[in-house]
2 protein chains.
Amino acid sequence: MTPPLHLSLAGQAVEALRELVLSGEIPVGERVNEVELAQRLGISRGPLREAIRHLASEGLLVLVPHRGARVPVADADEVRALFELRTALECAAAQLAAQRRTAADVTALHEVVAESRRSLRAGARFPHRLDLAFHRTLLAAARSPQIAEQVRLVQQRVVLLRTTLDEDPSHQHASMDDHDRLVEAVEAGDGGLAAEAMRLHLARVCAQMLAAVTARG
Amino acid sequence: MTPPLHLSLAGQAVEALRELVLSGEIPVGERVNEVELAQRLGISRGPLREAIRHLASEGLLVLVPHRGARVPVADADEVRALFELRTALECAAAQLAAQRRTAADVTALHEVVAESRRSLRAGARFPHRLDLAFHRTLLAAARSPQIAEQVRLVQQRVVLLRTTLDEDPSHQHASMDDHDRLVEAVEAGDGGLAAEAMRLHLARVCAQMLAAVTARG
DNA sequence: GTGTTGTTGACTGTCGACAGTTGACAGCTT
DNA sequence: AAGCTGTCAACTGTCGACAGTCAACAACAC
């Protein structure tokens with residue numbers, strides 16, 4: 001419990017807290033109490049503070065001096081700004097992926113898309129898991145570690161938005177088709193087309209989320 | 001010494017450490033000693049650790065478990081990866097700037113360019129300060145806070161590279177011309193042209209840095 | 001002389017406690 | 001009754017100390 005076996009307590013706390021936030025177990029807008037949470041995780045306040053600051057640097061928490069940390073609430077303007085960033089990153093990634101993809105990359109993309117279609121046909125639901133898998137597979141083909149890392153952080157924030165939003169099944173088919181066009185462009189090695197397909201895809205997802213945000217508040 | 005007057009000790013430590021790293025006062029590759037640095041800044045290890053972790057999350061330090069933090073050394077691959085990220089962000093910013101720029105934005109850009117030309121003619125030197133100012137002015141015109149923040153972080157890492165690199169005056173005139181073309185595209189409101197101009201500009205800067213890196217270290 | 005192993009030192013990771021600040025509640029004034 | 005002021009509790013920010021770990025050095029075997 002005390003000696004860092006393989007991962008430091010702070011590192012474990014980061015992952016534990018990340019899961020708590022992303023799963024929605026800590027409600028949006030809720031303040032985080034350091035002592036209480038530290039006891040809950042069975043560690044001291046020191047490592048927990050490190051974890052909180054780390055998650056804050058990733059945008060999963062907002063820090064208020066002397067008032068602790070809160071899970072940020074989604075604002076329409078913030079959604080727009082976040083998707084502008086995501087679009088910049090993922091369009092570039094799509095372009096690079098189209099230029100650098102290997103046969104293995106294309107195969108992996110086809111597999112993810114196929115599994116998504118199966119899942120959508122069977123359970124009438126398009127799991128976020130497979131959507132994330134698709135974007136990550138595409139990212140892997142881009143072979144740009146720095147962009148990949150930033151995209152991971154942004155996608156994480158989008159996941160945080162999703163936990164508070166309802167989903168419209170009609171959009172899932174549209175996203176599916178977007179993914180198809182994306183794979184096609186990447187397979188053809190057309191960077192410009194891939195970037196444009198990604199731009200349209202993200203514009204659609206952004207519009208969906210904006211609608212959900214304005215509807216809920 | 002003890003009460004947080006307006007900014008917490010950790011916050012002050014972040015800025016102090018950032019300056020120490022960016023100014024090169026802490027040599028590249030040098031390990032940071034927590035106790036020694038804490039005494040030097042007149043604070044305890046707690047806030048200093050927070051500052052170190054924060055700077056690490058910004059990429060200005062790398063953390064090695066049980067071995068503390070080091071100022072990262074520039075690798076050719078890392079330079080390429082970093083500029084891929086920077087290109088993705090700043091091209092998007094240039095495109096948005098071209099679409100959203102106001103008359104005031106264009107005036108500000110012209111002023112920065114004019115001052116740069118004066119400085120270059122007079123002192124035969126193109127200060128990094130004005131280069132940064134140009135990119136920040138362009139960024140302000142894009143009106144995307146999320147992208148702006150990420151660009152700021154990336155540029156900071158580039159500055160860190162610059163502190164260890166020599167400069168070739170011949171490239172400064174080229175950069176100057178790049179800026180001119182950029183302003184022209186933004187003023188015309190041509191997003192695609194602005195993005196392409198930025199891509200070329202950054203490709204040139206990246207090549208310059210790669211040459212310096214491979215020559216030196 | 002080279003490779004291996006035991007020891008030592010310095011440093012990080014972690015903890016518990018204290019001080020300062022913030023927000024809220026109660027009491028007083030008008 | 002409404003507004004203001006003083007007090008109080010809870011929480012964060014900070015500190016110093018302890019324990020565990022890693023790397024370098026020295027002694028030894030081969």
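Numbers restart at 1 for each chain; the letters A, B, ... are given by sequence-line order, proteins then strands.
Rounded to whole angstrom, the span from the CD atom of Glu34(A) across to the C1' atom of dA17(C) amounts to 15 Å. We find that CG of Leu7(B) is positioned 15 Å from C1' of dT21(C), with the value rounded to whole Å. Between the CG atom of Leu48(B) and the P atom of dC11(C) there is a distance of 14 Å, given to the nearest Å. Rounded to a whole Å, the CG atom of Leu61(B) is 12 Å from the P atom of dT12(C). One interatomic measurement links the two molecules: CG of Leu63(A) to C1' of dT22(C), which rounds to 16 Å at whole-angstrom precision. The interatomic distance linking Leu41(A) (CG) with dT14(C) (P) rounds to 13 Å, in whole Å. Glu50(A) has its CD atom 14 Å from the P atom of dT14(D), to the nearest Å. Protein atom CD of Gln39(B) is 10 Å distant from nucleotide atom P of dG16(D), rounded to whole Å.
Nearest nucleotide to the side chain of Leu9(A), out of dC15(C), dC22(D), dG13(D): dC15(C). Checking dT14(C), dG13(C), dT12(D) against the side-chain heavy atoms of Ala10(A) singles out dT14(C) as nearest. For Pro47(A), counting side-chain heavy atoms from C-beta on, the closest listed nucleotide (dG13(D), dT12(C), dT14(C)) is dT14(C). The nucleotide whose nearest atom lies closest to any side-chain atom of Arg67(B) is, among dG13(C), dG13(D), dA23(D), dA23(D). Listed nucleotides dG13(D), dG13(C), dG16(D) differ in distance to Ser8(B); the shortest reach to its side chain belongs to dG13(D). Distances from the side chain of Arg49(B) to the nucleotides dG16(C), dG13(D), dT12(C) place dT12(C) closest.
In this structure Val62(A) satisfies the side-chain contact (heavy atoms from CB on, under 4.5 Å) test together with Arg70(A), Pro72(A), sequence neighbours excluded.
Contact annotation: Asn33(B) side-chain N/O to dA10(C) OP1/OP2 distance is not under 4.0 Å. Contact annotation: Arg31(B) side-chain N/O to dA10(C) OP1/OP2 distance is not under 4.0 Å.
Note that the two end axes of the helix from dG1(C)-dC30(D) to dT30(C)-dA1(D) enclose an angle of 10°, each drawn from 5 base pairs, rounded to 10 degrees.
Gly46(B) comes within contact range of no nucleotide atom at all, as no heavy-atom separation falls under 4.0 Å. Residue Val32(A) is classed as a sugar-phosphate contact, given heavy-atom separations below 4.0 Å to backbone atoms only. When heavy atoms are screened at a 4.0 angstrom cut-off, Arg45(B) is found touching base atoms of the nucleic acid.
The aromatic rings of Phe134(B) and His179(B) lie parallel to each other, their planes meeting at an angle below 30°, with 60° marking the opposite boundary.
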Which side-chain N or O atoms in residues 15-24 of chain A pair as donor and acceptor under 3.5 Å with protein atoms at least two apart or in another chain?
unit_1   : atom_1 : unit_2    : atom_2 : d
Glu15(A) : OE1    : Arg18(A)  : NE     : 3.3
Glu15(A) : OE2    : Arg18(A)  : NH2    : 3.3
Arg18(A) : NH1    : Glu58(A)  : OE1    : 2.6
Arg18(A) : NH1    : Glu58(A)  : OE2    : 3.4
Arg18(A) : NH1    : Gln156(A) : OE1    : 2.6
Ser23(A) : OG     : Glu19(A)  : O      : 2.8
Ser23(A) : OG     : Leu20(A)  : O      : 3.3
Ser23(A) : OG     : Glu25(A)  : N      : 3.3

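A salt bridge links Glu149(B) to Arg152(B): at least one charged side-chain nitrogen sits closer than 4.0 Å to a carboxylate oxygen.
Map Pro65(A) and Ala69(B) each onto its nearest nucleotide of DNA chain C; the residue landing nearer the 5' end is Ala69(B).
One distance of note links NE2 of His110(B) with OG1 of Thr137(B); it measures 12.5 Å at 0.5 Å rounding. How far CD1 of Ile43(A) is from OG of Ser8(A): 9.5 Å, rounded to the nearest 0.5 Å.
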### Query
Stepwise, does the side chain to side chain contact (heavy atoms under 4.5 Å, CB included) test hold for Leu82(B) with Arg86(B)?
CA-CA 6 Å; Leu82(B) 188 61; Arg86(B) 186 181 176 185; 5.7 Å; no
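Between the side chains of Ser175(A) and Asp178(A), no donor-acceptor pair is found at a separation under 3.5 Å.
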